[in-house]
Amino acid sequence: MMARDHVEVVAEHEYTAKDRLTDLMNQYEQPLYAYLLVLAGDREVAADCLQETFLRAYQNLARGKPVNGQWLYKVARHRGIDEHNRRHKAQAATDALGGASVGIPGESAQTLAVRAALSRLSVSDREVLYLSRVDGLKAPEIAAMLGIRPGAVRARLHRAHARFRQMYGEQS
Amino acid sequence: MTLHRRFEHLLLVRDSLSPDDRRRLDRHVSECPDCRESVAQLQREKALFQPLGNVTPPSGIRQAVLAASPAEGSSWRTRAGRFPPRPSWPSSKTVSRILGAATIVAAAGWFVFAALTQGQQTSRVGVGPSARQGHPGAAVPGGPFVGQVGCNHNEQITYHVHAHLSVYDAGKPVTIPAYIGFNFNHDCLYWLHTHDTSGVIHIESPRAIRPTLGTFFRVWRKPLTAGRVGPTHLRPGQSVKVYVDQKPYFGNPSRIVLGRHTDVQIDIGPPFPPPRGFDYRGL
């Protein structure tokens, strides 16, 4: 009888959606948050988007649908851009987005200046810069993530870089 | 000038160029002082960006997400291949409340942990340019986490305990292989691993963790199910008994927490040999 109990209990436990979610959070929570922080330009918005992204991931996993890093980035990106646009409309009177909560406490003045310069770029410019310079993705990988052609990524990257230099030069 | 702007454009996407184009670009750069300066400037700018990736997410998010997820038991992929129904999701207010409660719990847990590990340094090892530093469970990205168990290039000894696993199939010992948890593809070592065939599980991590037997089997990449225990398939008429610290264990074996000197014995039988214990002397 004891053995039968054991068998039944063991049978119930396979790799659950929560296990998979935990694995994904271990691997992607930090890099996704850093990405969202640049994309949305606000700590609280980034945290909200991150939370919603993982909740949606669990929703998919629980229904047996696969979730991987690219899926997470795509969902996070859409959430980040939606939030950015919503806030942009709400703050139409101000020039720059983000404001006081853009940076992370304890960051160097140089990093804050980089964040400030990025916040003055369009979302599309800052995300290709981030994915290329921080995450180290190549043009075809960024293209797959954004749903555009690699050539378009290269052009966007070139343009974003020039704009960033200009903005950063004005900051410093 | 136009020519050099074009080369600068190519420098930005150098990694995406074909090998031939890359060689041509590098050859040109080696002969062009202006281009070398452009390369140096790009590298300086790249260094400017790196701190953007080293931020730590708010501590409550993980707890809030996991707390808002429906309870375990709804298996992601059941043996019958059916999936559980779509769960209903809490409102954002509910999630916020959970987040608040989880933050308090996390803070309390942190204080307890800090008190227990006073004097120990919880080192964070980040190897490679995109290592996730600042994350409490940070490990190199090359080695994916399994549960709460990360994979680092170097052994982590801030938290270092040993557990033991023995498996018997019809009374005969099943060898637990050496080098479980050595991920040669990613050149890293999981915080749960074996060095030899003694069944000793080394738990070596940069912080105190409470891994489970299920996690060990996942690191091993072998199933722990009704029909299989690691490499051993149950034959008709066989069943499983589990002992923890020489006492019968009636719960889910996957959930057995591996702590200091935890001794797990899994018998596939009949016959079911009695628990034998393990001599931890020297460990």
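Just so we're on the same page: letters track the sequence lines, and every chain starts at 1.
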[X] side chain to [Y] backbone, donor-acceptor under 3.5 Å:
X: A/E29; Y: B/I61; answer: no
X: A/Q27; Y: B/V146; answer: no
X: A/Q30; Y: B/P57; answer: no

Inset, instruction - Under 4.5 Å heavy-atom distance to chain B, tell me which part of A/L24 shows up: side chain, backbone, both or neither. - result: neither
Legend entry - Pairs meeting criterion ring pair (Phe, Tyr, Trp, His ring centres under 6.0 Å) with involvement of residues 43-65 of chain B, two or more places apart: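 Output for this query lists A/F164-B/F49.
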Inset, instruction - Compare every heavy atom of B/Q50 with every heavy atom of A/R133, then report the nearest pair and how far apart it is. - result: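 In this case the closest contact between A/R133 and B/Q50 is O-NE2, 3.0 Å.
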Legend entry - Minimum heavy-atom distance B/V65-A/L21, with the two atoms named: CG1-CD2, 3.8 Å
Inset, instruction - Evaluate the criterion side chain to side chain contact (heavy atoms under 4.5 Å, CB included) for residue pair B/V55 and A/R43; output intermediate values, then yes/no. - result: CA-CA 10 Å; B/V55 294; A/R43 291 199 302 272; over 6 Å; no
Inset, instruction - First locate atom CG of A/D19, then atom OG of B/S254, and finally report the distance between them rounded to the nearest 0.5 Å. - result: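 Rounded to the nearest 0.5 Å, the CG-OG separation comes out at 8.5 Å.
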Legend entry - Value rounded to 0.5 Å, distance of CG in B/L48 from CG in A/L118: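 It is 10.0 Å, given to the nearest 0.5 Å.
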